[in-house]
**Q** 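My questions all concern the structure below.
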Amino acid sequence: MREADRFHPWLLLPALEDLAHLGARLLPEGTAGADAPGRVAYRELAGPGRLRIRASAADGRMLEAAVLKGASERLGRAVTRLSDLGEDNFLCLPPEEQYLVATGRTYFRGLAFDDLHRLQFDLETTGLNAARDAIFLVSVRDNRGLERVLDVSESGRSGAEAEADLIQRLAALIREVDPDVIENHNLYGFDLPFLAKRAELLGVPLALGRIGGAGLKRRPAARAYGAWRSATGVGGERSERSEDEGEEREETGRYVIAGRELIDTLDAVRRYDFAARNLPGHGLKAVARHFGLAAADREYVEGPKIYATWRGDPDRVRRYALDDVREVDGLARLLGGAAFALARMAPRRYERLADAGPATGILDPLLVRAYLRAGAALPEKATGDGTRHTGAALYLFACGVARRVVKADVSSLYPSLMRQYRISPRPDRIGALLALVDRLVEQRLAAKARAKQAAPGSPERHTDEALSAAMKILVNSAYGYLGAVGLTRFSDVAAANEVTRRGRQVLGLLCRELAARGATLLEADTDGVYFAAPAEWSEGDERRAVAEGGALLPPLVRLEFEGRYAAMLSHEPKNYALLEYDGTPHLRGVAFRSVRFEPFGEAFLRRAVGCLLTGDVPGVRAAYLETLAALRRRELPTSDLSSRVRLTKTPQQYEAARTARKELPYEAMLNSGYTRWGRGERVRVYRASDRATGGRAMLLPEDGAGEPAGDPRDYDVAYYARVLLDNYAARLARAFAPDDFAVIFGSPEQPSLFAPPIETIQPVLTTVAEPPDEAMD
DNA sequence: TTGTCGCGGGG
DNA sequence: GTGTACGCGACAA
């Protein structure tokens with residue numbers, strides 16, 4: 001269905017002055033003929049805000065030209081763009097937002113997620129560099145039953161011609177299918193820029209739009225997105241000789257296709273993980289597996305092997321590529337509902353709400369709309385008064401091993417505090433932000449309740465869960481909005497600080513009350529606390545303590561019993577290991593999991609922590625001794641001691657920096673006889689033994705797919721033995737008395753005569769701080 | 001402990 | 001058509 005509508009473009013100004021030159025063609029809104037062509041209608045907005053005139057006309061260009069003419073006369077210089085006026089002197093939204101704000105409409109009212117016609121496509125290429133590598137296959141599907149693979153083998157041509165033909169067939173298919181939405185994982189970061197670059201190089205028009213021959217256009221986006229995209233060469237080859245000045249400007253653009261919404265599931269994944277922080281990574285495969293979206297017979301091909309696989313077994317790549325778009329669809333359905341629901345609430349395009357930061361991207365348009373609806377003048381963007389932002393509370397009360405651990409936390413602490421204490425940014429004199437938070441919280445509770453009633457898996461449930469997720473995003477970003485000085489219209493650091501101050505008080509009160517009920521406090525952070533229950537407590541006692549503590553908090557602050565665990569190793573704030581009652585271990589924080597861990601150390605740590613938390617101290621000792629022995633006998637493959645790193649400096653750059661700072665990966669390259677390497681290259685490095693210097697950085701060769709090739713076993717045993725002790729065993733130091741630690745991780749050759757037998761050693765828990773006493777006011 | 005630099009994701 | 005804006009972990013000093 002298509003609907004045509006007309007509206008009068010509008011903008012906001014501080015005064016009528018710049019429009020006065022229109023004379024009789026400038027009329028108050030509502031007077032006869034004010035909305036006729038060639039006229040400008042205006043309305044005064046109430047209150048003290050700076051932007052107090054809303055001007056509109058049948059023709060937006062004419063309106064803008066009139067403002068520019070008046071401003072030029074007033075300032076005595078040529079003003080050619082509204083932005084020359086400075087951001088405090090006008091507000092002019094993109095046309096579609098003007099329309100949405102003016103009419104009160106939004107995207108997708110009355111539609112369910114599945115009503116959209118969504119298409120997913122995924123490029124398979126010979127490599128990551130669009131300047132050099134080519135597209136050889138595209139998988140396409142939609143949510144109406146289409147599944148198709150296009151590839152270069154079908155056209156009977158080869159090389160550039162075949163690729164150009166493939167791109168044209170893709171564009172034709174998209175026009176034919178005519179989807180509302182195009183989705184993929186890392187769509188903006190890879191597929192669109194790659195496609196645009198290849199089409200440009202091959203001279204193929206990319207007519208993907210709904211209207212006429214509209215193509216793929218850049219949209220500026222200030223967000224961090226593009227910043228880390230450049231190393232790939234996508235969207236602009238990066239000079240290898242970049243020691244010469246003027247590093248190419250990073251392409252930070254998003255893309256637009258007229259009439260369609262472009263949705264990147266990577267954005268949805270990031271938004272989800274921002275709060276959940278439980279994803280193993282943000283890649284499509286990892287996320288799909290995490291959510292159980294991967295089919296049992298899912299085809300996997302490692303990235304670097306895809307093109308080689310294509311040449312030997314093309315059907316396998318076809319299956320792989322189709323599995324990719326299927327998973328994208330699943331992911332979009334699972335996580336994309338939040339952006340869809342946001343699009344039904346905020347006056348902004350769906351695709352922009354999907355990638356927007358919540359403060360400037362979502363709350364700001366809602367607030368602008370609220371002010372205009374209220375007929376209130378809009379204040380200029382708030383500037384900070386230099387007030388420092390104060391943060392949340394973080395406490396480590398005890399470290400070591402605790403049993404019967406409980407986690408309690410406050411859901412949505414900050415918005416609850418804003419509501420409880422009516423904390424509102426000062427410039428927001430009509431209280432729009434707080435009203436929004438109030439309304440969203442209530443609607444969210446209603447949506448959650450509805451979702452619970454609806455049948456699992458039903459569209460209704462999906463809609464309500466997505467709505468709830470969207471509102472959670474919004475509500476939680478209200479606090480962030482307060483602190484975003486210089487970015488948002490209504491920021492107010494003092495108000496943000498009041499929120500955190502109340503938060504610290506609430507957390508402190510909670511800790512004191514739990515301690516008073518017999519709990520041993522372990523760690524508290526912002527809105528939650530871990531504590532250990534006394535041995536005689538039942539689960540009911542644990543829940544009662546949490547309920548009693550929660551009852552003493554302010555009414556709108558709701559404490560929840562989040563979970564209970566058999567044991568916890570508390571190491572440092574935000575660094576701990578938990579053992580669930582079913583035996584599942586969880587390692588959290590940098591001290592326990594890091595990409596840079598050598599495989600041997602990670603394996604040791606996992607095993608040792610597992611033993612520790614189940615009370616098996618001899619098992620910890622055994623893990624250490626066995627790892628050490630395997631190391632000394634060189635039974636561990638070299639790759640277990642290596643780590644994979646990416647070279648980001650050219651040989652010239654490293655040479656220049658080398659005297660100031662030596663870096664292992666580059667030293668490994670040099671020691672292995674390489675004086676040339678490419679930027680972005682990945683290598684595997686380790687430390688080999690060396691009689692003269694004791695150790696030298698070395699390269700572990702890899703095959704084409706990044707698998708280690710060769711296993712020289714010449715690693716520096718003494719060095720890695722030290723790493724095992726200092727880097728890995730040390731994470732368990734807090735679990736034992738120093739003497740006991742020395743026994744458990746003592747040298748196998750020199751057992752101490754006076755040491756207690758391992759079996760008698762018990763883990764310890766050491767109190768390091770008392771509950772804070774900042775009182776409530 | 002502090003400062004600087006690199007990474008994420010896509011083939 | 002527009003601009004300055006990430007957050008965290010690792011390593012060397």
Side-chain angles (χ1 to χ4, degrees), chain A residues 64 80-84 86-87 92 94-95 122-130 132-138 184-195 217-235 252-253 256 264-267 269-270 273-274 277 279 281-287 301-310 317 320-321 324 328 357 359-361 480 483-488 491 574-575 589-591 593-597 643-649 653-654 657-658 660-665 667 679-680 682 704-706 727:
Chain A
E64 184 177 332
T80 56
R81 289 183 310 197
L82 286 174
S83 58
D84 293 342
E87 65 174 356
C92 183
D122 187 47
L123 306 182
E124 302 304 328
T125 68
T126 59
L128 293 170
N129 186 330
R132 203 173 51 214
D133 302 313
I135 305 167
F136 65 87
L137 182 149
V138 189
N184 196 16
H185 202 68
N186 205 15
L187 179 70
Y188 286 111
F190 181 73
D191 297 85
L192 290 177
F194 203 104
L195 188 59
K217 294 208 204 91
R218 277 238 152 79
R219 141 162 83 99
R223 285 294 290 170
Y225 208 90
W228 44 264
R229 192 155 49 77
S230 47
T232 64
V234 160
T252 59
V256 281
D264 191 336
T265 47
L266 180 58
D267 288 323
V269 164
R270 287 187 175 144
D273 201 36
F274 183 75
R277 280 194 285 177
L279 293 180
H282 293 170
L284 176 64
K285 281 79 175 171
V287 176
V301 185
E302 287 166 61
K305 290 185 182 160
I306 289 173
Y307 186 51
T309 307
W310 164 250
V317 176
Y320 164 80
D324 267 9
V328 166
T360 53
V485 173
L487 308 181
T488 58
S491 65
K574 299 188 186 198
N575 282 275
V590 271
R593 47 190 307 181
S594 157
V595 285
R596 294 298 281 258
F597 280 6
S643 48
R644 199 142 191 267
V645 294
R646 186 176 200 152
L647 303 175
T648 53
K649 292 178 180 163
Q653 283 174 319
Y654 183 63
R658 191 177 178 214
R661 176 189 174 106
K662 292 199 175 182
E663 295 175 56
L664 183 91
E667 291 302 310
R679 196 196 255 231
R682 285 178 193 276
N727 258 7

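Residue numbering restarts at 1 for every chain, and letters A, B, ... go by the order of the sequence lines. Note that the structure is a prediction, hence the values are computed from the model and not measured.
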**Q** Taking atom P of C:dC11 as reference, at what distance in whole Å does atom CD of A:E667 sit?
**A** 15 Å
**Q** Side-chain N or O of A:R81 less than 4.0 angstrom from OP1 or OP2 on C:dT2?
**A**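 Yes, such a contact exists.
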**Q** What's the spacing between A:F194 CZ and A:I135 CD1 if we round to 0.5 Å?
**A** 6.0 Å
**Q** Regarding A:D122, tell me which of base, sugar-phosphate or nothing describes its non-hydrogen contacts under 4.0 Å with the strands shown.
**A** sugar-phosphate
**Q** Provide, to the nearest angstrom, the distance between the CG atom belonging to A:N129 and the C1' atom belonging to B:dG9.
**A**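 Atom CG in A:N129 sits about 15 Å away from atom C1' in B:dG9.
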**Q** Rounded to the Å, how far apart are A:E87 CD and C:dG1 C1'?
**A** 16 Å
**Q** For the pair made of CG in A:D264 and P in B:dG8, what is the distance, rounded to whole Å?
**A**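 Roughly 16 Å, once rounded to whole Å.
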**Q** Can you measure A:L187 atom CG to B:dG8 atom C1' for me and round it to whole angstrom units?
**A** 17 Å
**Q** Among A:L187, A:N186, A:N184, which residue satisfies the side chain to side chain contact (heavy atoms under 4.5 Å, CB included) criterion with A:L192?
**A**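 Filter result, single survivor: A:L187.
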**Q** In terms of side-chain heavy atoms of A:P94, which of C:dG1, C:dT2, B:dG11 is nearest?
**A**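 Selected nucleotide: C:dG1.
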**Q** Rounded off to whole Å, could you give me the CG-to-C1' distance for the A:D324 and B:dG9 pair?
**A**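 Between C1' of B:dG9 and CG of A:D324: 13 Å.
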**Q** Would you mind classifying the nucleic acid contact of A:S83 as base, sugar-phosphate or nothing, using non-hydrogen atoms under 4.0 angstrom?
**A**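 It contacts nothing in the nucleic acid.
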**Q** Answer yes or no: is there a side-chain heavy-atom contact under 4.5 Å between A:I306 and A:E302?
**A**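 They are not in side-chain contact.
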**Q** How far apart are the C-alpha atoms of A:L123 and A:F136, what are their side-chain angles, what is the distance that settles it, and do they pass the side-chain contact (heavy atoms from CB on, under 4.5 Å) test?
**A** CA-CA 8 Å; A:L123 306 182; A:F136 65 87; over 6 Å; no
**Q** Round to the nearest Å and state the distance from A:E124 atom CD to B:dG9 atom P.
**A** 18 Å
**Q** Determine the interatomic distance between P on B:dG9 and the same-named atom on C:dC8; round to the nearest Å.
**A**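 Each nucleotide's P atom is 15 Å from the other's.
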**Q** Name the residue from A:D267, A:T265, A:D324, A:D122 that meets the side chain to side chain donor-acceptor pair (under 3.5 Å) definition with A:H185.
**A**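 Only one option passes, and that is A:T265.
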**Q** Suppose you measure atom C1' in B:dC7 against the same atom in C:dG3; what distance do you get, rounded to whole Å?
**A** 25 Å
**Q** Between C:dG1 atom P and A:D84 atom CG, what is the distance in whole Å?
**A**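 Taking CG of A:D84 and P of C:dG1, I get 14 Å after rounding.
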